[in-house]
Each structure stands twice: as structure tokens, then as C-alpha cells.
Amino acid sequence: MQTPWGELPVEDAHAHLFSHSFFETLRKQQAQPAANVNALVAGLGWEAPPADNAALAARWAAELDRHGVSKTILMASIPGDEQSAADAVRANPERFYGYFMVNPLAPDAVERTRRAFEELGLQGLCLFPAMQRYSIQDERVRPLLELAAAPGRVVFVHCGVLSVGVRKKLGLASPFDMSRSNPIDLHRVAVDHPDVHFVIPHFGAGYFRETLMLGDLCPNVSLDTSSSNAWRRYLVPEPTLGEVFQQALGVYGARRLLFGSDSSFFPRGWNKSVFETQSALLAELGVSAEDAAAIFGGNLARLMAR
Ligand SMILES: [Zn+2]
């Protein structure tokens, strides 16, 4: 892909797979369920995903081609949807890495996680402690982390402010618990599991200082840069995104920052504006071509190597 540093292979560390079954699960949560998935998605003004995940994968691959993106994570974005990510990866393993979301409190969490890593070949376990109201230090999380302790696997832990746009648009309740979202809680866990690599999205989504503290102490934690990073408005004074990058680079270094777009739905598709903003900022900061290659794809490729 063409970047301020010339041609670089770009890999995206944060994108959601909004599959047919993802929307079907949301539909069932509606007080007055839409007639079907197509009706629900039409109500959002989005393009309904094909029921066949291989066809959805083809839609994504064409989108990556259109922008010159080499590869992206596709994250199954609701517990129980790991098969959709597996189908997409199987359809095109050259272009996708599959991540999956698990609720560690569910009775089948360990078996689901084992199957997702070992049988489905997925590579990222996504934990959203605020969403299901558990502590990342809960003993029920430990066996999941043990399964993730292998090359080519990561644990994605959402911290900070959590708002799920699609739930909001559908008027679904989001009874989350922000007291479970402090990255400081992850410190003890990351120290106890040095063989597990953790990724925190959006620079900690508001807990920027805490996220920097964690990264300074734990070399097995990386950050993704995804989305608009509107959490900056919680800080006084509000930093620019350039200042956020500068400080994150100072503590984490270029080897632990992963570019992410947070793309999800069609017809928007791959959210190029995030790439344009962030690549222009990093070029302005004088980031070297070598560091840019790491941030915009090399780091993810290294973490995903089995
Ligand atoms: Zn996201």
C-alpha cells in the first residue's frame, strides 16, 4: 500500500466481523425483534451480510484489494460466533486472522476457547470484562489464558470506556460495568502470564496513563491504535492524537504499537480515514520507515506467526 514512507505491506490489527449470526443474536435481544436479519440491517442503513461466511470473506477480501491492504484481523464480535471467524479465515487464510470473543463466566468458556484455538485455528481471544462484568483477575479467566500461551496467539483485552455503536443504534440495553475496565487490573495477570501476549485497543480508551504504566512494566503488552480515539476529551488538557502517539512511542516503543482501523460494517467497509490520519501524523512526527513498517503491519505479522 502507498504510505508516506513509500510502498509498505499494511495489516490491520482491529476489525470486526459483523456476520449474519452476529446480527441474528442481536435481533433476538431486541424487545420487538425485527422480522429477520435483512430487515434489522436495513434499519441500520447498512448492507446485510450474506448468510454464507465465505461470501462475506470474499466481500472483505475485495475491500482489502480496493485499498491495497495486505491482511486484517476479523474479530467475531459476540460470544458464540467463533465459527463465523473460522469460516472467513478458512475461505481466505492469506488475508485474514481470526479472533473470537468469549465470556469467561459461561460454563463452556474453556471448551469453547480450546476449540477456537486448537480446532478452528483462531488466533486472538477477545475479552471484554466490562461487558460481562467480571474481573480480568477472576480465576475463571486463568485457564483461558493458559490456552493462549503459544506463539501466534494473543489475548485482546478491552479496557476503558466501552460503548458498542451497533447496540446503541438498535436501542439495545448495554448493562456494562466500567469498574471492570481499568488496565491496572491487568498488571498482575500479565506478570503471572509472561508467555501470553496481551493487546489493549484504543490506547486504553481513556485510561491512557494507566495503560502507559502497564506497558512500562510488562513487555508482553501491546497497544492498538484503532478508531477515532475520542477518549482524548476525558483528559485535561486534551492531548492531540500526535501527542498520544509520541507518548505511547516513548513508553511502548514502535515494536508494541499495532495499527488498527476498527472497521466493521458495509458499505463503509475498510475505514481508510483512520489510516490516513494516523500515517500522516506519524510521518509528521518523523517516525522512520522501519518503525512505520512495524506499526502498520510488521508487528501484527510477528505476533501472528505460529
Ligand atoms: Zn472495535
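Note that the coordinates shown come from a computational prediction; the quantities given were computed from them, not determined experimentally. Counting starts at 1 for both ligands and their atoms, following the listed order.
In summary, no N, O or S atom of H158 is located under 2.8 Å from the Zn ion (ligand 1). Residue side and main chain included, H16 places an N/O/S atom under 2.8 Å of the Zn ion (ligand 1).
Using modelled atom types, one finds a donor on one side chain and an acceptor on the other under 3.5 Å when comparing D81 with S19.
Within D262, the N, O or S atom lying nearest to the Zn ion (ligand 1) carries the name OD1.
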Inset, instruction - Give the intermediate values and the outcome of side chain to side chain contact (heavy atoms under 4.5 Å, CB included) for residues R95 and T72. - result: CA-CA 6 Å; R95 308 304 292 278; T72 187; over 6 Å; no
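Atom CZ of R209 has 12 or fewer neighbouring heavy atoms from other residues, nucleotides or ligands inside a 6.0 Å radius.
Side chains of Q2 and E7 form a contact here, defined as non-hydrogen atoms less than 4.5 Å apart.
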